[in-house]
Structures are given as C-alpha cells and as structure tokens.
Amino acid sequence: MSVISQEEKKGSVEFQVFSFTNKIRRLSSHLELHKKDYSSQRGLRKILGKRQRLLAYFLKNNRVRYKELINQLNIREIKKR
C-alpha cells in the first residue's frame, strides 16, 4: 500500500495515521484469536484514540487531503461533534 510517498517524513500526519491504522489492523486480528488479552485491548483503545485525535486535527487543517487519506486507507470519517 503506497499511501505515503517516499519523500514524506515520518512525522507527517498522513504517515502517523497510516502507521496507526496498520497497528490497529494487526491488533484487531490478534484479538480475534486471543479474546481475553486485556492488555492488547487497552493498547488498541489507546491507538484508536490517538488516531482519532490526529484525524480531527487533519480535518480541521486540510480537508481535501483528509478525504483522500481516509479513502486510501479505507477507514470511516470521524464523528463531528
């Protein structure tokens, strides 16, 4: 999945959301096998919260690239408050 181009830095919002999404998918598949792994469940909730805050920031600052990113990663939009 080449969402992030090579010249983009690892500190960019897009890269962080991309890496959090990969971690979320990996943890979700792990938790399907190990339903009682509560430490991993907590870690998953923390990563979900971080990604949600990053997406809210990105939506506020760059709406067009936000839409492109969520379409490329195949994730839902954040709830607007």
Side-chain angles (χ1 to χ4, degrees):
M1 185 187 281
S2 64
V3 175
I4 307 300
S5 61
Q6 294 296 329
E7 65 270 2
E8 282 199 87
K9 299 198 171 31
K10 291 185 178 183
S12 70
V13 176
E14 290 100 331
F15 184 82
Q16 290 181 50
V17 170
F18 173 72
S19 64
F20 284 148
T21 302
N22 286 339
K23 286 181 186 179
I24 289 167
R25 289 183 177 143
R26 202 167 55 244
L27 271 173
S28 296
S29 64
H30 168 79
L31 287 170
E32 287 177 6
L33 294 174
H34 307 281
K35 295 182 185 344
K36 294 189 176 185
D37 187 354
Y38 300 117
S39 298
S40 293
Q41 287 178 14
R42 180 175 184 266
L44 177 63
R45 285 193 300 269
K46 288 181 75 165
I47 293 171
L48 283 168
K50 285 181 184 180
R51 186 180 74 175
Q52 184 178 13
R53 288 191 301 273
L54 271 174
L55 285 171
Y57 166 80
F58 201 43
L59 174 63
K60 197 180 340 179
N61 290 325
N62 197 336
R63 192 174 295 268
V64 174
R65 286 177 62 191
Y66 166 81
K67 292 278 189 190
E68 292 173 3
L69 182 66
I70 63 169
N71 287 333
Q72 287 177 337
L73 292 177
N74 196 22
I75 57 178
R76 290 183 287 181
E77 289 191 41
I78 61 171
K79 295 179 183 174
K80 297 175 180 97
R81 295 180 187 191

Review point. Can you name the residues that form a side chain to side chain donor-acceptor pair (under 3.5 Å) with Lys23, not counting sequence neighbours?
Key: none
Exercise for review: Only counting residues at least two apart or in another chain, list the ones meeting side chain to side chain donor-acceptor pair (under 3.5 Å) with Asn61.
Suggested key: Tyr57
[X] to [Y] - nearest heavy-atom pair and separation:
{"X": "Ile78", "Y": "Tyr66", "value": "N-OH, 3.1 Å"}
{"X": "Lys10", "Y": "Phe15", "value": "O-CD2, 3.1 Å"}
{"X": "Arg25", "Y": "Asn74", "value": "NH2-O, 3.9 Å"}

How about [X] and [Y]: do any of their side-chain heavy atoms sit closer than 4.5 Å?
{"X": "Phe58", "Y": "Leu69", "answer": "yes"}
{"X": "Asn62", "Y": "Glu68", "answer": "no"}
{"X": "Ser40", "Y": "His30", "answer": "yes"}
{"X": "Leu55", "Y": "Ile75", "answer": "yes"}
{"X": "Lys35", "Y": "Leu31", "answer": "no"}

To the nearest 0.5 Å, what is the distance between [atom1] on [X] and [atom2] on [Y]?
{"X": "Lys46", "Y": "Phe20", "atom1": "NZ", "atom2": "CZ", "value": "11.0 Å"}
{"X": "Leu27", "Y": "Asn22", "atom1": "CG", "atom2": "CG", "value": "11.5 Å"}
{"X": "Lys67", "Y": "Asn71", "atom1": "NZ", "atom2": "CG", "value": "8.0 Å"}
{"X": "Lys36", "Y": "Gln41", "atom1": "NZ", "atom2": "CD", "value": "11.0 Å"}
{"X": "Ser19", "Y": "Ile24", "atom1": "OG", "atom2": "CD1", "value": "9.5 Å"}
{"X": "Arg51", "Y": "Leu73", "atom1": "CZ", "atom2": "CG", "value": "8.0 Å"}

